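First the structure, in the form of structure tokens, and then the observations on it.
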Amino acid sequence: MTEAAFTPRVFSGIQPSGNLHLGNYLGALKRFADAQNQGVQTLYCMVDLHAITVWQEPADLRHATRELAAGFIASGLDPARSILFNQSQVAEHTQLAWVFNCVARMGWMQRMTQFKDKAGKNAQNASLGLFAYPALMAADILAYHATHVPVGEDQKQHLELTRDIAIKFNNDFGVDFFPITEPVIEGAATRVMSLRDGSKKMSKSDQSDMSRINLTDDADAIAKKIRKAKTDPEPLPLDAKRLEDRPEARNLINIYAALADMSVDQVMAEAGGKPFSEFKPMLADLAVEKIAPISTEMSRLMQDVTEIDRILADGADRARDIAAPILRQTYEIMGMVGPREV
């Protein structure tokens, strides 16, 4: 099998950690929905198995998984055109992850900076899952022979590990079986920053709710947070290059560009030279127009979790239709003997 023979396929996943915000929407959900229109098969999942690498309250995890599914759908993802499911419902993820645990090298895992960041000085008390989960992430992707993965900058290292695992497996067994997946990092606001500090990423863990726009915020809350977003005293510059040393201004321009599907240069042509007293109302109106309907639709969807569960179950069945034959072929390549159906 040559690389050209792989069917183009997009896969990505998000942890159901609750409190979806503007950064999740612009960095992931919006782009996922847009990818449906590119004529390529798309699979998206709630990676609940990744979430349990640290302790989760069961009821909270269940709610967050359903809320994330609602967020996907409210952001424009069509479950009829994309495959939407939660990871734990497709056993091939964990079965292939064990194979990749045996392919990946300890040195590769020890270089993963996210483990160091999350475990901190207490690494000996961190779960084995937190250490090994990059192999599960590789399995999430390669169980579908995904050729492209939309990722944030903080996940690039894990995708590089996925590529290393695919290359080593192919070389070890003399096959061209797993694709060398390409990262997809694009858009004006792939990294949305805090509304209170332009040097920090927008985060649900920030103590100040004013630092982020939640996807559950109503129109009044969205407009208020934009109006009160931190800025500097100078008006917007006339060109984008002069935003480099103005993180708050750059963040607001990037958010406007991403919400409006414009380039930063196009926004600067429209808003350059304006004081923030004029630009913030422009951004607030745009944010309300784009985000408030998502909040309303998420609320409606969460009133019928049975329907959400039905969508996820259907998605899991469709995902298994792709993953099961790939896992079966993986076992055959490795010389495992067993029934044809896994």
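Since we're looking at a predicted model, the values are computed, not measured. Just so you know, residue 1 is the first one in the sequence shown, and it goes up from there. In what follows, every heavy atom counts, from backbone to side chain, and hydrogens, waters and symmetry copies are set aside.
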Task: With sequence neighbours excluded, residues passing side-chain contact (heavy atoms from CB on, under 4.5 Å) with Pro8 - done: Val40, Thr147
Open item on the list: Grouping I, L, V, M, F, W and Y whenever their side-chain heavy atoms are under 4.5 Å apart, do Ile14 and Val47 come out in a common cluster?
Closed with: no
Open item on the list: Walk me through whether Ile322 and Arg9 qualify under side-chain contact (heavy atoms from CB on, under 4.5 Å).
Closed with: CA-CA 11 Å; Ile322 301 170; Arg9 186 174 287 142; 3.6 Å; yes
Open item on the list: A quick test of your reading: do over 12 heavy atoms of other residues, nucleotides or ligands sit less than 6.0 Å from CZ of Arg242?
Closed with: no
Open item on the list: Can a side-chain donor-acceptor contact be found between Ser199 and Asp197 if the only test is distance below 3.5 angstrom?
Closed with: yes
TODO: Can you label the angle between the Phe11 ring and the Phe85 ring as parallel, tilted or perpendicular, going by 30° and 60°?
DONE: tilted
Kindly list each side-chain donor-acceptor pair under 3.5 angstrom involving residues 221-228, sequence neighbours excluded, with atom names and distances?
{"from": "Lys225", "atom 1": "NZ", "to": "Asp209", "atom 2": "O", "distance (Å)": "3.2"}
{"from": "Lys225", "atom 1": "NZ", "to": "Asp209", "atom 2": "OD2", "distance (Å)": "2.9"}
{"from": "Lys225", "atom 1": "NZ", "to": "Arg212", "atom 2": "O", "distance (Å)": "3.0"}
{"from": "Lys225", "atom 1": "NZ", "to": "Asp217", "atom 2": "OD2", "distance (Å)": "2.7"}

- [ ] Begin with the C-alpha distance, continue with both residues' side-chain angles, and end with the deciding distance and a verdict on side-chain hydrogen bond (donor to acceptor under 3.5 Å, both in side chains) for Asp140 and His93.
- [x] CA-CA 5 Å; Asp140 297 336; His93 287 245; 2.7 Å; yes
TODO: Mind listing the closest non-hydrogen atom pair of Ala240 and Asp265 along with its distance?
DONE: CB-OD1, 3.8 Å
Open item on the list: Atom CG of residue position Asp321 - does it have more than 12 heavy atoms of other residues, nucleotides or ligands inside 6.0 Å?
Closed with: yes
Task: Taking every non-hydrogen atom, the tightest pair across Ala132 and Met109 - done: O-CE, 3.7 Å
Open item on the list: Are Asn37 and Arg81 packed together at the side-chain level, in the sense that at least one heavy-atom pair is separated by less than 4.5 angstrom?
Closed with: yes
- [ ] Specify the closest pair of heavy atoms between Pro150 and His148, including all atoms of both residues, with the distance to one decimal.
- [x] CD-O, 4.1 Å
- [ ] Say whether Leu20 and Ile291 are linked into one hydrophobic cluster, either directly or through other cluster members, by side-chain heavy-atom distances under 4.5 angstrom.
- [x] yes
Task: SB check Arg250 Glu244 (cutoff 4.0 Å) - done: no
Open item on the list: To the nearest 0.5 Å, what is the distance between OG1 on Thr65 and CD1 on Ile308?
Closed with: 10.5 Å
Task: Test: Glu160 and Arg163 ion pair at under 4.0 Å - done: no
Open item on the list: Students often mix this up, so state it plainly: with edges at 30° and 60°, are the rings of Phe276 and Phe279 parallel, tilted or perpendicular?
Closed with: perpendicular
Open item on the list: So, taking the atom named OG1 in Thr216 and the one named CE in Met302, what distance separates them when rounded to the nearest 0.5 Å?
Closed with: 10.5 Å
Open item on the list: Once you measure the plane-to-plane angle for Tyr44 and Phe72, does it fall in the parallel (<30°), tilted (30-60°) or perpendicular (>60°) bin?
Closed with: parallel
- [ ] Work out which heavy atom in Ile165 is nearest to a heavy atom in Ala135; give both atom names and the distance.
- [x] CD1-CA, 4.5 Å
TODO: Apply salt bridge (Lys or Arg N to Asp or Glu O under 4.0 Å) to Asp164 and list each qualifying residue two or more places apart in sequence or on a separate chain.
DONE: none
TODO: Would you indicate whether the side-chain heavy atoms of Glu182 and Val149 approach each other to under 4.5 Å?
DONE: no
Open item on the list: Tell me every residue that passes salt bridge (Lys or Arg N to Asp or Glu O under 4.0 Å) with Asp317, counting only those two or more places apart in sequence or in another chain.
Closed with: none
TODO: Assess whether salt bridge (Lys or Arg N to Asp or Glu O under 4.0 Å) is satisfied between Asp314 and Arg318, documenting all intermediate values.
DONE: CA-CA 6 Å; Asp314 177 70; Arg318 292 161 62 199; 3.6 Å; yes
- [ ] To the nearest 0.5 angstrom, please state how far the CG atom of Leu29 sits from the CG atom of Leu77.
- [x] 8.5 Å
- [ ] Tell me who clusters with Leu238, hydrophobic residues only, linked when side chains sit under 4.5 Å apart either directly or through other members.
- [x] none
Task: Pairs touching residues 268-286 that satisfy salt bridge (charged side-chain N to carboxylate O under 4.0 Å, His left out), sequence neighbours left out - done: Lys274-Glu278
Task: Minimum-distance pair of heavy atoms, taken over all atoms of Cys45 and Gln87 - done: SG-CB, 4.2 Å
TODO: Treat each ILVMFWY residue as a node, draw an edge where side-chain heavy atoms are under 4.5 Å apart, and state whether Val10 and Tyr25 are in one component.
DONE: yes
Task: Atom pair CD1/OG1 of Ile141 and Thr162 - distance to nearest 0.5 Å - done: 4.0 Å
Open item on the list: Between Leu142 and Met336, is there shared hydrophobic-cluster membership here, with clusters defined by ILVMFWY side-chain heavy atoms closer than 4.5 Å?
Closed with: yes
Task: Euclidean distance, Leu259 CG relative to Leu283 CG, rounded to 0.5 Å - done: 7.0 Å
TODO: Would you mind reporting whether Ser295 and Leu215 have side-chain heavy atoms less than 4.5 Å apart?
DONE: no
Task: Closest non-hydrogen atom pair, Gly18 against Ala64 - done: N-CB, 3.8 Å
- [ ] For the pair Asp48 and Arg62, find out whether any cationic side-chain nitrogen is under 4.0 Å from an anionic carboxylate oxygen.
- [x] no
Open item on the list: Using the side-chain contact (heavy atoms from CB on, under 4.5 Å) criterion, which residues pair with Lys230? Sequence neighbours excluded.
Closed with: Glu248
Open item on the list: Tell me which pairs pass salt bridge (charged side-chain N to carboxylate O under 4.0 Å, His left out) where either residue lies in residues 286-306, with sequence neighbours left out.
Closed with: Glu297-Arg300
Open item on the list: Applying a strict under-4.5 Å side-chain criterion to I, L, V, M, F, W and Y, I'd like to know whether Tyr331 and Phe173 cluster together.
Closed with: yes
Open item on the list: Contact between Thr42 and Phe32 at the side-chain level, heavy atoms closer than 4.5 Å - yes or no?
Closed with: no
Task: Verdict with reasoning, Arg246 to Glu234, per side-chain contact (heavy atoms from CB on, under 4.5 Å) - done: CA-CA 10 Å; Arg246 299 175 64 182; Glu234 299 297 321; 3.6 Å; yes
Open item on the list: Suppose we screen for side-chain contact (heavy atoms from CB on, under 4.5 Å). Which residues come up paired with Gln207, at least two apart in sequence or across chains?
Closed with: none
Open item on the list: If the condition is ring pair (Phe, Tyr, Trp, His ring centres under 6.0 Å), which residues does Phe131 pass it with, not counting sequence neighbours?
Closed with: Phe115
Task: Members sharing Leu61's hydrophobic cluster (side chains within less than 4.5 Å) - done: Leu49, Ile52, Leu136
- [ ] Measure the spacing between CZ of Arg320 and CD1 of Ile326 and express it to the nearest 0.5 Å.
- [x] 12.5 Å
Open item on the list: So, using ring pair (Phe, Tyr, Trp, His ring centres under 6.0 Å) as the criterion, who are the partners of Tyr133 when residues are at least two apart?
Closed with: His50, His158
